[in-house]
Amino acid sequence: MIEITSFLIEGREGNVITDNPRIRFSFSFRSDRDNVSLSKAIISLNGWSVETDRQTGIYYEGEPFEPFTTYTAKVKVVDSDGEEAEREASFETGRKRTPWIGTWITDGSYEFTEKQASPEIMVFRKRFSVGKKVKSAKLYSTVLGIYDVNLNGNRIFNKYFAPGFTSYEHQLQYQIEDITSYLKDDNEIYFILAGGWAVGAYVMNRANRIYADRQALLCEIRIRYEDGTEEVIGSDESFEVNRHSPYLDADLYNGESYDARIDYRTGEFHSASLENVKINPMIVAEYGAPVIAHERLQCHIVGRYGESTVYDFDQNFAGVVSLKIRNAKEGQKIVIRHAEILKEDGHVCTAILRSAKQIVTYICKEGDQEYSPTFTYMGFRYIEVEGIDPEDIEIEAIVLYSDIKQCGSFECDDDKINRLQQNIVWSSKSNFVDIPTDCPQRDERMGWTGDIALFAKTGTYNFRLNQFLEKWLLDMKSEQKKSGAIPTTIPHKGYGFPLTFPTVATDFWGDACVLVPYAIYQATGEISVLDSNFDMMKKYVDACKWWANLLSVGKRRYIWSNISFIHFGDWVAPGESMAECQGRHKWTATASLYNTSNLVSQIAHILGKEEDSRRYADLASKVASAYQDVFFDNDGKLRKKEFQTGYVLPLYFGMLDEEMAPKAAAHLAELVKKDDYKVYTGFPGTPYLLFALADNGYEKEALKMLLQEKDPSWLHEVVTGGTTIWERFDGLDDDGKLNVPEDGTGGMISFNHYSFGAVGDFLYRRILGLEAVEPGYRSFVVKPMLNDHFNHCEGNVTTPYGEVKVSWKKENGVFDLSLDIPCSSSCTVILPGYEERFTSGHHLVKVNYDTENEIHCD
Ligand code: BGC
């Protein structure tokens, strides 16, 4: 018997509303028999059908869809034994190109001119009656700003910060909510608008009004009556507005001030005005992964200092507090500061937040009440509360991040490594907040391209990220410069850097346009993400080549050495000043040019573009030989000052010839030993460091680095109490003291930056040994690096074909493996002296191996 376990439309299950004309399908199935694969599937929808032998990346090619319509698709699966199963999935179309009946409205009396501040909150009201029996009613709405909606006393969003953050000049998402069950005969709907990213203070220079001078609302309420008629209420001057609300202030960085004595429904409303918005984006049904509430965390008191109480949630994260207050006096003021670490005196340390305040101020009404912020979020583990006795308040936290599913897990018999994996997962959650951000706390929280470029592979092991990242890639595509350069942050508007050279390509940061789609492709097997971003990749690599070639001759044309101040080089390499990190750009940029041209060549081949494939392969090989000839001596040693990243990148990317690679690897191993197995790589080198060692015969050195506990290293963060990944390994020194360098980077100590967590890739692929061979895990290997430190390891990955489960333990030369392979997948288990291929089903494998073949860690 077979059973279809998932049938996804647009990568989602249930509640899919889309404006996409070419929707995509994927499905997985399970069987009670082993060795089962797909023979064929037939997908049908709207009079169209296709027969396929694929399970992912299947596209609708039928007639255009109607707007506002529910469709049901059907999949019929026939397996390799001829067994069959069927399943249906429904989705709804959005407005598509239907012209809005509503128009942009605002509070025309509001002149918001203040700099570096967020605007006053606007509250819009519409009263309307329904005279007939309602069959269904939906709200279609979006804003410039961020918003919440309340209908007849009911909060109708379960999401935060709608409409989400996009490159608003190009695309803006609208939300769709079914409001049928909230409707009465006489209705009152309120839209509460804060500044958010479009109008509020955002980016580190605290620019504001980046996309709009003040907030604006666009909406339609579409009511279908039982008698077959339809009524549409669009936003217009009949809506009322005022700025009298309990939200005294709401700002992404600064926090929220809320006066519970004020009821936003009771203010003096006046007519809304039509707004002439200065941008003209495509307004599209929400296609990203909106921010929603996830875990709820408890806290405990860690210190009382006069008027204030310090609480610890035992976990650093992004989110908001949720308060239950008892017996409050009217006007009582509660102030809550949020921070990632404590100062030596026990108070919260807010200095490293730079200009971000992260403060909640709550003014009570009389009696018992509850409150949680709506228009802000903070990155924190500790809070310091003033203005209330601990007996009178119950505090929890709501963890906020995008609506993404965790699809991978890793666990082993070393608790510190398990904590490292948890830290990677928590930093992912904290920075997958509508866009991939660098950090969730200080005055940045921006879509820094380099951070996700280097972390995407690890990110996609742990989370299903296609929807989330493909939304962001669309913005990247829109914002790519004519020159081919990719801005260093996406969305970029408001943040000037690099101000004077907007057309200059930046290595590794710009590489996001190649590395992110490629990581999604590897995780899902869906070619469309390569196809739709291919032109962007080509333009980018061509731009990098142009900059590398500029003003140089001969071999040096392929050494990308110019304009160091727009390269980040070996960014935040421990012990190096900012200038020193950037000074390494020659090595990092050249290696980046090799890697992207090599990947674009492979991607071109996947897409059947053979001429492109040859062209970029040729470029890659020229860059590789230039790196080898210019940077290495004949003995495989870096000619100038040695540094780990200088070896790691060419080794991992495979840039060195057969003779040179082992020599360079030996020098890296020596250097690492000299460095006492501490990690001295910056952002670009870190994801690849352990592979560069282990895959070149230095497994023991790789393990010693992974297990190193002294500063700087991954486990240093764990043993000094880190619950997330830090921006810099040396954020705290070996004694746990805050390390504030005096080289200009002192303001850059975030304790929640996922980039260095890219070591997670090594945990999955070399420690657990699970590695995809074909994208989407259609075939994969289990090939752990046997060693005497890890004796048990297990991990799961939800692949597009279903659950892969790997669990092994070893004792006295016996390797004991339990393996689950989904239908249509296969796995080859590789151990010293053993190799066997398995097809779908549950397998118990016992292999005797020679313990001589194990790596001894000492
Ligand atoms: C961010 C980084 C980013 C970097 C680039 C920092 O301020 O937090 O993660 O990639 O700037 O310069």
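Below, all heavy atoms of this structure are taken into account, side chains as well, without hydrogens, waters or symmetry copies. Each ligand, and each atom within it, is numbered from 1 in the order the structure gives.
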Regarding [X] and [Y], is there a side-chain donor-to-acceptor distance under 3.5 Å anywhere?
| X | Y | answer |
| --- | --- | --- |
| Asn254 | Gln358 | no |
| Tyr202 | Asp443 | no |
| Thr588 | Asp507 | yes |

Contact between ligand 1 and Glu727 is defined here as a heavy atom of the residue under 4.0 Å from a ligand atom; is it met?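 Checking ligand 1 against Glu727, which is what was asked, there is a heavy-atom contact under 4.0 Å.
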
As a test of understanding, state which of Tyr287, Phe432, Phe165 forms a ring-ring contact (aromatic ring centres under 6.0 Å, His included) with Phe468.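 For Phe468, the ring-ring contact (aromatic ring centres under 6.0 Å, His included) test succeeds with only one of Tyr287, Phe432, Phe165, which is Phe432.
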
What is the nearest protein non-hydrogen atom to [atom], stated with its residue, atom name and distance?
| atom | answer |
| --- | --- |
| atom 3 (C) of ligand 1 | Trp448 CD2, 3.4 Å |
| atom 12 (O) of ligand 1 | Phe568 CE2, 3.0 Å |
| atom 4 (C) of ligand 1 | Trp571 NE1, 3.4 Å |

Does NZ or CZ of Arg445 come closer than 6.0 Å to the centre of the six-membered ring of Tyr377, within 45° of the ring's axis?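 Verdict for Tyr377: a cation-pi partner in Arg445.
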
Cation-pi geometry met for Arg442 and Tyr253 (6.0 Å, 45°):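 Judged by the rule (NZ or CZ under 6.0 Å from the ring centre, within 45° of its axis), Arg442 is not positioned above Tyr253.
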
What atoms in ligand 1 come closer than 4.0 Å to a heavy atom of [X]?
| X | value |
| --- | --- |
| Asp451 | 2 (C), 3 (C), 9 (O), 10 (O) |
| Asp438 | 1 (C), 8 (O), 9 (O) |
| His753 | 1 (C), 2 (C), 8 (O), 9 (O) |
| Phe683 | 9 (O), 10 (O) |
| Glu444 | 1 (C), 6 (C), 7 (O), 8 (O) |

Can you tell which part of Arg442 has a heavy atom less than 4.0 Å from ligand 1: side chain, backbone, both or neither?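 Under 4.0 Å from ligand 1, Arg442 contributes side-chain atoms alone.
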
Pair Lys678 + Asp711: basic N to acidic O under 4.0 Å: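 No.
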
